[in-house]
Amino acid sequence: MSAVAAGSFSGAFRWAFARDLRLSWRHPGETMLMVAFFVLVASLFPLGVGAEPQLLQRIGPGVIWVCALLAAFLSLPALFAGDYADGTLEQMLLSPHPMSGWVSGKIAAHWMASGIPLTLLSPFLALQYGLDAGTLTILACALALGTPLLSLLGAACAALTLGARGAGMLLALLALPLFVPVLIFGAGAAEAQSSGLSPSPHLSLLGAGLIVGAMALPAAACVAIRIALD
Amino acid sequence: MNALEARGLACSRGGIPLFRDVSFALTSGEWIAVRGQNGSGKTTLLRCASGLTRFDAGEVLWNGQDAGTGPIAFRAQLLYAGHAAGIKDDLTAMENLRDALALRAGAPTNEALRGALAQVGLDRHRHLPARRLSAGQRRRIGLARLALDPAMLWVLDEPLTALDDAGQTIFSDLLQRHLARGGLALVATHHEVAPAPARELRLVP
Amino acid sequence: MKPRTRRAIWIVSGLAALGIASALVLNAFQSNLVFFFTPSQVAAHEAPSGRAFRIGGLVEAGSVVHEKDALTVHFRVTDTAQTIPVVFTGHLPDLFREGKGVVAQGRLMGDGTFHASDVLAKHDENYMPPEAAEALRKAGHPIDKAAFAGQKGKS
Amino acid sequence: MNFFYFASPSTFYRLAGILAPWCFAVAAILGAAGLYVGLVQAPTDAQQGEVYRVIFIHVPAAWMSMFLYFVMACYGAMSLTFNTRLAAMMARALAPTGAMFTFVALWTGAFWGRPTWGAYWVWDARLTSELVLLFLYFGFIALGNAFEDPRRGDRAAALLALIGVVNLPIIYFSVLWWNTLHQGSSVSFKGTSMHVSMLTGMLLMAFAFWSYSIGTALARVRTIILERERRTRWVRAL
């Protein structure tokens, strides 16, 4: 009797992914601003700490990671807030699709619009810091593995702060401490490479974190959204 | 035949009780008007009935089964339209309508979308971003959605707000057609709507 | 696809993903995650050259030599298998003693000495009055070995 | 008597009112005894001298910081799954005490680290993860208070507490997993590497902190109950 096929995870994922990407494509300004922020802050450090090449090489991976983390954080408050305000979240929640599908889709779209540009840009910034080719590659790999985890963690926190007073500051208080392990292992991978050690343990931990995060965090975000809409 | 039944619903928000012991029953071809002054809990009642808001006591049954425990079958038949209709300012009327339908009912053809938009008088504006539409025109996107969505149960919160007389007539026609094909509707409204509701549910604070 | 088959696929792929994740974690813990090395690892050239790192071990008994300026100190760090000579200029922590645990941050120079910029004392989880420690020492129990007994390393 | 008898806020309010003063009294007695044993009776440590006496505050505080977070997360889980009001209030009541003990553990640790290690603060795994714990407590408190509807805050904060539970094993096992400056634990289920009177002092302090935590949690939950139930008849009758 049902005219509507009971929904599928992948269908919901594709719906949210395509829609969010289309929206950020309509408004490339936000992504541009984030990228500009990333480049600008990363360029401020040599001015602040002095342009001594050895020092820059030493702090480069860490600085680029911190800048990427903050830049990715900038777009988090808007991840669910827009959909929350205009009623899209209600529609998604009441759709016959599993909620984790479209939440995962939204997170993936957020990563496409934040993590990927940051990862692609990082080698250019790394050149600014005089990092060698090997370190630069590992840095980009670490960002490619770490930024989706940032999106996942950030999405769960963003969903928790929906409708809260002072949501932006609160999101920083919740998300930034949770980003700490990602930062440690992400920057650690590039640092290990630059000092002639194997970056693989750090990358393995990032990979493991990403797998576990991809399984658990969308579910946490779903619960948080349910709480927000109650 | 489909049936929606609520038994003894009670809900409180922020520690303040809104309503207690609300019951109603609705079968195919009927609609219920939910009335009450501002703040009497109409929106909360609709949200409870559709499974968005937890209620403190009572149950909601869809075809005799608890709507909360078998949500997929229930949601496949449920079209809920709240105060905010999930319309994105940056997308055109056409895209908004397509997305809203694709979320639930699968992708309709462009002709079907155009036809529905023409039916609600948005044909000429279908490629405008929604931010350039008036409040009433945005509401009409929601009406076009009612025309295309195959859901059997409508739960509508003030669907007539910001609509002009012509818009209200369109809504009446849509409602009539929905009921004629065996649909059900639970509508919170201050307006008089033809066809007349099977029952009125009056919430008193 | 039947719902049951679909659910089975989800469960199996979830378990597989968890398996991969734990394999990755185990792989990571096989190797060194922090820039911390034992003298044996340094001797085996596993430590980075030209970059600051930390070495940990025991201060070899009888190896501490103060230079005339009283600020620069030479000592050797040992993990009982290998020893590394260390040079440090600055104030040593109170708990810095011969035969005790130490962690030094610095660089390895070409001549094989470790130039420390910081020296931290690592104490162990044993707490006892001096008399008890004395009694243990007489009985031939080197209590300080415990300070690094829990440490992993490839040594 | 019904098992859920005490789960009703009004009965629990009275029960907590009776229990809280006793908890404080026990905490004061045990704390005084612990400090006496720790500062007067316990011998000087062979390696560290008098500085080691920080453990009588530092170690129990660090234990409590983790244990209270665990209990808080359990209450959170209970309130999320069974939608129980009292469990959520207990979680909210525990958070400030937990945050305080975390802060005390970090603070006393810094003053211990300076003379023994030679540094107030080291970015090793144990210290970093404990700092993250402090921020998790802050986040829990802030998130719980950020909503108009307290039930909404309860649920969001409970979910955050559950996400943050991942941090607990990291804190606990960090000294085993990574080479850190922080020493291993002196007390475990297998036995202890401490002198008897030192251990006694530390355990007395730990029980004092326990008792204090229960007392403050009960006292705080009373005010939370009063505030939440201020419209009910039984509160008005007070």
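Reminder, nothing fancy here: chain letters follow the sequence lines and each chain counts from 1.
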Checklist entry - Above 12 or not: heavy atoms from other molecules or residues under 6.0 Å from CZ of B/R132? => result no
Next on the checklist: Between B/R47 and chain A, with a heavy-atom cut-off of 4.5 Å, which part of the residue counts as in contact: side chain, backbone, both or neither?
Outcome noted: side chain
Item to check | Nearest non-hydrogen partners of A/L93 and B/R75, listed with the distance | outcome: O-NH1, 3.2 Å
Checklist entry - Under 6.0 Å from the CD atom of A/E30, do we count more than 12 heavy atoms belonging to anything else shown? => result no
Checklist entry - Is there a side-chain contact (heavy atoms from CB on, under 4.5 Å) between A/D230 and B/R13 once you walk through the steps? => result CA-CA 10 Å; A/D230 186 4; B/R13 305 302 286 160; 4.0 Å; yes
Next on the checklist: Does atom CE (A/M215) have a neighbourhood of more than 12 heavy atoms from anything else shown, all under 6.0 Å?
Outcome noted: yes
Item to check | Exercise: identify the closest heavy-atom pair between A/P96 and B/L103 | outcome: CD-O, 4.5 Å
Checklist entry - Counting heavy atoms not belonging to B/R20, are there more than 12 under 6.0 Å from its CZ? => result no
Checklist entry - Should the heavy atoms of other residues, nucleotides or ligands under 6.0 Å from CD of B/Q65 be counted, would the total exceed 12? => result no
Item to check | Side-chain heavy atoms of A/R22 within contact of B/K88, under 4.5 Å | outcome: no
Item to check | Atom group of B/L52 that falls short of 4.5 Å from chain A, counting heavy atoms | outcome: both
Checklist outcome for this item: Closest non-hydrogen atoms of B/Y80 and A/L94, given as atom of the first, atom of the second and distance, are CB-CD1, 3.4 Å
Next on the checklist: Would you compute the distance between atom CG of B/L79 and atom OG of A/S95 and round it to the nearest 0.5 angstrom?
Outcome noted: 11.5 Å
Checklist entry - Among A/M92, A/E90, A/H27, who wins on heavy-atom pairs under 4.5 Å with chain B? => result A/E90
Checklist entry - Can you name the closest pair of heavy atoms from A/R19 and B/G86 and give their distance? => result NH2-O, 3.6 Å
Next on the checklist: Counting neighbours of CZ on B/R181 that are heavy atoms of other residues, nucleotides or ligands and sit closer than 6.0 Å, is the number greater than 12?
Outcome noted: yes
Checklist entry - Take atom CZ in B/R138; do more than 12 heavy atoms of anything else shown fall under 6.0 Å from it? => result yes
Checklist outcome for this item: Between B/A84 and A/A85, the two heavy atoms sitting closest are CB-O, 3.7 Å
Checklist entry - Could you state the interatomic distance from CZ (B/R54) to CD1 (A/I227), rounded to the nearest 0.5 Å? => result 7.5 Å
Item to check | Separation between CG of A/L23 and CG of B/D99, rounded to the nearest 0.5 Å | outcome: 8.0 Å
